[in-house]
Amino acid sequence: MTTTPCLVFRAATHWFAIPAARVVNISAPTRPVRVPGTPPFVRGVIASAGKVVPVITLSMLLGESSRSGEVARLVLVHDAGRMAACEVAEVQGIEDVSDQPGAATDVPAAAGGAHQVGGRLVTRLEVDQLMDLVSSAVRRTA
Amino acid sequence: MRVLLASAGEELFAFDPLQLAGVLAWPLTLAIPWRSLNELAGLSAPEPEPRMLLARSAAGDVPFAVRVPGPLLEEDVANKEIFPLPTLLDAPPWVRALVPRNGSPALLLDLPSLGDTVVSLPLLPLPETMRT
């Protein structure tokens, strides 16, 4: 069985895993600048490493109706030139997560399914699907 | 680049003075399309010293005005300190760029594009008329 090192973190009440190779950095949260005309899951934008990056409330993007308010870290992820900073409540660390399909989940962008990692049920997110989800969600709002 | 800064509560907006036809005191007395920046940006910030920014729309070259909270400040910003927004966000065309300003960031707005939005909305009566 093959595995991929993933960053495991909690956003609101759910635990997620993102392939570590897609993580640019983890930083302390800074107040983003709100951008008019964007949906509620877009908290705003920040400047990071000479680029403007949208700050995403992951839990809202993935289906929760309100923001939990608990933000301890920003996890900056990238895919094919697209970048986003995800608000997370808690970072567990890097864990190996199976590449085999996990348990079915209704979380969007979670083709990898849900896996048991360190005694927790963790939903594996694929960053390309996450970016596509952001893109389609902002276009629905525009 | 010289920018004109207007704060709206916790938010800070920047404008290019070269896109401005003028700045007027509130209330507006010209019968032209106008809106408040608060309304356009979805904010409810206090407007301690409201000012009207006059400009022309991009599409039809139509004169319009935007009420900004004030007070207004002018500041020089290096072009390399102006960062365009990512296309991922699909922000409105009148949101041009982010100006980080050493930790006190501002959104640079494009007045002609903002004018396209203002002139596309129903015409508001002059403020004096609204008060009566």
Side-chain angles (χ1 to χ4, degrees), chain A residues 22 24 27-58 60-61 67 74-87 108-109 126-142, chain B residues 3 5-15 35-45 66-69 77-111 113-118 120-121:
Chain A
R22 297 293 182 196
V24 179
S27 61
T30 54
R31 194 180 79 82
V33 176
R34 213 179 70 80
V35 178
T38 52
F41 72 82
V42 177
R43 287 268 286 135
V45 291
I46 56 169
S48 178
K51 289 186 174 176
V52 178
V53 178
V55 177
I56 304 298
T57 301
L58 200 56
M60 288 183 79
L61 172 67
R67 181 172 292 129
L74 291 180
V75 175
L76 187 61
V77 296
H78 75 102
D79 173 73
R82 301 180 294 182
M83 293 175 80
C86 301
E87 290 182 331
E126 302 304 329
V127 175
D128 58 341
Q129 295 172 13
L130 195 64
M131 296 295 189
D132 290 345
L133 189 63
V134 171
S135 187
S136 61
V138 295
R139 277 173 176 76
R140 274 201 304 274
T141 304
Chain B
V3 295
L5 293 168
S7 59
E10 288 188 323
E11 312 296 334
L12 196 58
F13 295 96
F15 300 91
R35 281 293 189 282
S36 74
L37 184 59
N38 268 354
E39 179 188 346
L40 295 166
L43 302 171
S44 56
V66 177
R67 188 179 70 202
V68 297
V77 175
N79 284 340
K80 65 178 183 183
E81 291 296 316
I82 297 173
F83 299 99
L85 294 192
T87 53
L88 179 65
L89 267 187
D90 203 28
W94 47 271
V95 182
R96 211 168 136 184
L98 181 72
V99 187
R101 296 181 68 250
N102 294 324
S104 182
L107 268 191
L108 178 62
L109 304 186
D110 185 68
L111 271 171
S113 298
L114 193 59
D116 288 343
T117 299
V118 172
S120 72
L121 298 170

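So you know, we letter chains A, B, ... as the sequences are listed, proteins then strands, and number each from 1. These numbers were taken from a predicted model, which means no experiment stands behind them. The analysis underlying the following values was restricted to heavy atoms, covering all of them including side chains, and did not include hydrogens, waters or symmetry mates.
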Need one label for B:E10: side chain, backbone, both or neither, based on atoms under 4.5 Å from any heavy atom in chain A.
both
Part of A:M83 lying under 4.5 Å from any heavy atom of chain B
backbone
Do A:R140 and B:D90 meet the salt-bridge criterion of a basic N to acidic O distance under 4.0 Å?
no
In terms of heavy-atom proximity below 4.5 Å to chain B, should A:S135 be classed as side chain, backbone, both, or neither?
both
Tell me, out of B:L85, B:V95, B:L43, B:L89, who's got the most heavy-atom pairs with chain A below 4.5 Å.
B:L89
Can you tell if the side chain of B:R35 reaches within under 4.5 Å of the side chain of B:L114, non-hydrogen atoms only?
no
So, applying side chain to side chain contact (heavy atoms under 4.5 Å, CB included) with A:V45, which one of A:V33, A:V53, A:T38 is it?
A:V33
Would you say A:V35 and A:V42 make side-chain contact, with heavy atoms under 4.5 Å?
no
